[in-house]
Number of protein chains: 2
Amino acid sequence: MKLQQLRYIWEVAHHDLNVSATAQSLYTSQPGISKQIRLLEDELGVEVFARSGKHLTRVTPAGESILEKAGEILRKVETIKQVAQEFSNERAGTLTIAATHSLARYALPPVIRAFRERYPEVRLRMYQGGPMQIAEMAADGGVDFAVATEGLELFGDLVAMPCFWWSPTLLVPASHPLVGRTPSLEEIAEYPLVTYMLGHGGRARLDDAFMHHGIAPDVVFTATDSEVIKTYVRLGTGVGIISEMAYDSVVDRDLVTVDVSRLFSPSVAMIGARYGTFVRAYMFDFIETFAPHLTRELVEQAFLRRNRSELVELFSELELPRHADRLAAVGEVAGRPG
Amino acid sequence: MKLQQLRYIWEVAHHDLNVSATAQSLYTSQPGISKQIRLLEDELGVEVFARSGKHLTRVTPAGESILEKAGEILRKVETIKQVAQEFSNERAGTLTIAATHSLARYALPPVIRAFRERYPEVRLRMYQGGPMQIAEMAADGGVDFAVATEGLELFGDLVAMPCFWWSPTLLVPASHPLVGRTPSLEEIAEYPLVTYMLGHGGRARLDDAFMHHGIAPDVVFTATDSEVIKTYVRLGTGVGIISEMAYDSVVDRDLVTVDVSRLFSPSVAMIGARYGTFVRAYMFDFIETFAPHLTRELVEQAFLRRNRSELVELFSELELPRHADRLAAVGEVAGRPG
DNA sequence: CCCCATTACGTAGCACGTAACAATG
DNA sequence: CATTGTTACGTGCTACGTAATGGGG
């Protein structure tokens, strides 16, 4: 049994059982992979993949089990590499982060900027995607951290650590009648709404609030991207509800925010990492820069809590900062366009 | 990084950093191992072993960490092989057991005999050693099961499952004045004692009982082997205290047992297995043959309980059989000498 | 002075690539 | 018929063994 063989079956299983595609993504030849898989199967005496003729159709029951172990092994191999790097040069290495749109666009930039300055030898790699997508990346070991407001708690393999809370804010053109008022849910619902798609930007909490009051707002447009929402608010399509993170008083000075935080329950931005991840010194530092209350000690504790309730207990005594206050601490809003 | 390289560093670390000895035990050449270790260290950029001149002197801090992960990886590789075998032929495979002298000699034979009959395709391998030694073998992944009365609970990596309890018995020549009596501790202590060495056969419990009554018995001979004790009892050196398991009414008909079970707290024979072991179907069967109350279901439960107290709770409601009663169930005393 | 790890070197095996082939949808 | 996996085959690398070298205790 060779590590490569395990790598191959794992990769094939994560490429829809398409050996050709796998070969491409690994920059190797397709027959090579085929053969190694065969060799492994011969050695083990079990087929990992079921074939119909010349196509891999599905994973056998034995394969399920083997692939799971193979994944664990491969992740441990990565851990060994991390450990080695940590000892050889604790300031060099790789950090991969997956984040949702809003967090990647509005919350992470200043942190990333500071991090790059402090750790120029760390190769940074970022991905952006939907909550489920990035949570899965973290759970699979594809990225070190997932940064999202929702979804992380659905993956049992992830340690989810709360970073800060933020509220939705109402966004209207400067001339809008709601400017300067403190509207109720009913008043808001009199206008067409432009906001996030379900599963993005805390949309669920908006729906909860309206539903709880028996109100059915007229949502005329939904998007995953706050900038798109702003654009439609500017066009007069309706009033927007976006994350407070997404409003920039300079760039968006033609729009006005109306405080509606008391109407909706706040959302909590989280960092998620796979249990068993070897956390490098600079990773602890990254987390602490993003969420100063998440000290190295606390994070280490978190990784030892193996179930959700223990984690909740660990963090229950923390007073989470609000996004707006946190900004001041970081000192600037980096990543602002133009 | 290759699996062999991980195997090599792990083996070297477990052979007192002696590469030559390691090479011999692995039936390979010593330069081969040396080179592979070097290659691994070069690739990782860290030394696993510290050298003084041409000798491996100790494991580096980085090495500690790496070796630990390497061990986990190698065990998972074994698991994959087990899984594969389970699916290809659930009646073939390997079972390795380490047991203490008494259990190997008196408790296991009928179980082993039955097992061999039922699973002729399973290659059985047994080791005998002291409690600590065998517990360590199980914890290292060298054997599937450790069978012992003590020591298993000291290894956090082991699931310890209670199998049956047994008491010490007093053993005297047929003509001895204690025959037919139910002596007190004081009366026993009037005679020279021949019994187990500390750490063997529940000796600790004997000492506890005497100490608790403020009695200092005259222990004239200690051994790890019940047969040795019997021999000295026959010679008239003193009265023996051995495990009830070790007395055979046929072979030992020249000796007489005196019930002293009410004087000492009973010992519990345990099976220990490493957490994370992949338990094959025949292994479940083996356990259940040895200890009928340890059903597959219960054993699976046990492997999910990650700490001692949860384990104790799981087993607290069981009524453990006594060795003597258990014998009847198995039906015969196999392994009795000619 | 013995033991042991490293270096040097030759070889056999194997992983991987290219090309041709077969089977599936 | 296009896509995909398997078979065939050649080659370059490398793991491993033997022999020689050099340091330590």
Side-chain angles (χ1 to χ4, degrees), chain A residues 1-60 62-63 66-67 70 73-74 77 80-81, chain B residues 1-60 62-63 66-67 70 73-74 77 80-81:
Chain A
M1 189 183 314
K2 306 267 159 60
L3 279 177
Q4 271 158 340
Q5 295 172 333
L6 299 181
R7 215 168 268 133
Y8 285 165
I9 60 171
W10 197 89
E11 290 288 341
V12 167
H14 284 74
H15 280 82
D16 300 321
L17 305 183
N18 183 325
V19 180
S20 302
T22 307
Q24 275 198 318
S25 85
L26 296 181
Y27 305 103
T28 183
S29 76
Q30 178 267 340
I33 294 184
S34 262
K35 186 163 194 186
Q36 289 308 314
I37 292 178
R38 266 284 185 239
L39 283 174
L40 178 63
E41 290 177 328
D42 287 350
E43 179 181 344
L44 294 179
V46 187
E47 299 225 311
V48 175
F49 302 110
R51 283 115 168 134
S52 95
K54 295 224 160 187
H55 282 249
L56 305 191
T57 52
R58 61 203 172 84
V59 177
T60 64
I66 292 171
L67 283 165
I73 288 175
L74 295 170
V77 167
I80 286 185
K81 291 180 183 166
Chain B
M1 190 183 313
K2 306 267 160 59
L3 279 177
Q4 270 158 340
Q5 295 172 333
L6 299 181
R7 214 168 270 134
Y8 285 166
I9 60 171
W10 196 89
E11 291 288 342
V12 167
H14 284 75
H15 279 84
D16 301 322
L17 306 184
N18 183 325
V19 179
S20 302
T22 307
Q24 275 198 318
S25 87
L26 295 181
Y27 305 103
T28 183
S29 76
Q30 179 267 339
I33 294 184
S34 262
K35 186 161 195 188
Q36 289 310 313
I37 293 179
R38 265 285 183 240
L39 283 175
L40 178 63
E41 290 177 329
D42 287 350
E43 179 182 344
L44 294 179
V46 187
E47 299 224 312
V48 175
F49 301 110
R51 284 120 168 128
S52 92
K54 294 221 162 188
H55 282 249
L56 304 192
T57 52
R58 61 203 172 83
V59 177
T60 64
I66 292 171
L67 283 165
I73 289 175
L74 294 170
V77 167
I80 287 186
K81 291 180 182 167

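These values consider heavy atoms only, across backbone and side chains, with no hydrogens, waters or symmetry-generated copies. Quick caveat: nothing in here was measured; it's all calculated off a predicted structure.
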Closest approach of B/Ser29 and B/Ala23, non-hydrogen atoms and distance? C-CB, 3.7 Å
For A/Ile33 and D/dT4, give me the distance from atom CD1 to atom C1', rounded to whole Å. 13 Å
Is any side-chain heavy atom of B/Tyr8 closer than 4.5 Å to a side-chain heavy atom of B/Leu26? yes
Which value, rounded to the nearest 0.5 Å, describes the distance between B/Gln24 atom CD and B/Gln30 atom CD? 10.5 Å
Name of the residue among A/Asn18, A/Val59, A/Thr22 meeting side chain to side chain contact (heavy atoms under 4.5 Å, CB included) with A/Val12: A/Thr22
In Å, rounded to the nearest 0.5 Å, how long is the span from CG of B/Leu6 to CD1 of B/Ile37? 11.0 Å
Would you say CZ of B/Arg51 has more than 12 non-hydrogen atoms from neighbouring residues, nucleotides or ligands within 6.0 angstrom? yes
Separation of atom CG in B/Leu3 from atom P in D/dC16, rounded to whole Å: 12 Å
Going by number, which of residues 17-26 of chain A have a non-hydrogen atom under 4.0 Å from DNA chain D? A/Leu17, A/Asn18, A/Val19, A/Ser20
Atom pairs, protein N/O to nucleotides 11-16 of chain C N/O, distance under 3.5 Å:
{"from": "C/dA15", "atom 1": "OP1", "to": "A/Lys2", "atom 2": "NZ", "distance (Å)": "2.6"}
{"from": "C/dC16", "atom 1": "OP1", "to": "A/Gln4", "atom 2": "NE2", "distance (Å)": "3.0"}

Measure the distance from CD on B/Gln30 to P on D/dT21 and round it to the nearest whole Å. 16 Å
What is the distance from NE2 of B/His15 to P of C/dC4, rounded to the nearest Å? 13 Å
If we ignore hydrogens and angles and just use 3.5 Å, is the side chain of A/Thr60 paired with the main-chain N or O of A/Ala50 as donor and acceptor? no
Partners of B/His15 by ring pair (Phe, Tyr, Trp, His ring centres under 6.0 Å), sequence neighbours excluded? none
Qualifying residue for side chain to side chain contact (heavy atoms under 4.5 Å, CB included) with A/Gln5, from A/Ile33, A/Val48, A/Leu40: A/Leu40
Check whether A/Glu43 reaches the backbone of A/Met1 with its side chain - one donor and one acceptor, N or O, closer than 3.5 Å. yes
Does a side-chain heavy-atom distance below 4.5 Å link B/Ile9 with B/Phe49? yes
A/Ile37 CD1 to D/dT6 P: how many Å, rounded? 8 Å
Output every pair passing salt bridge (charged side-chain N to carboxylate O under 4.0 Å, His left out) with a member in residues 11-38 of chain B, not counting sequence neighbours, ordered by first then second residue. B/Arg38-B/Glu41, B/Arg38-B/Glu47
When the rotation axes relating C1' atoms of four end pairs to the next four are compared across the helix from C/dC1-D/dG25 to C/dG25-D/dC1, five pairs an end, they differ to 10° by 40°
Would you say a side-chain N or O of B/Ser34 is under 4.0 Å from OP1 or OP2 of C/dA5? no
I need the minimum non-hydrogen distance between B/Ala70 and A/Ile80, along with the two atoms involved. N-CD1, 4.0 Å
Of residues 44-55 of chain B, the positions that come close to DNA chain C - non-hydrogen atoms, cut-off under 4.0 Å: B/Arg51, B/Lys54, B/His55
Can you tell me how far C1' of D/dT14 sits from CG of B/Asp42, to the nearest Å? 15 Å
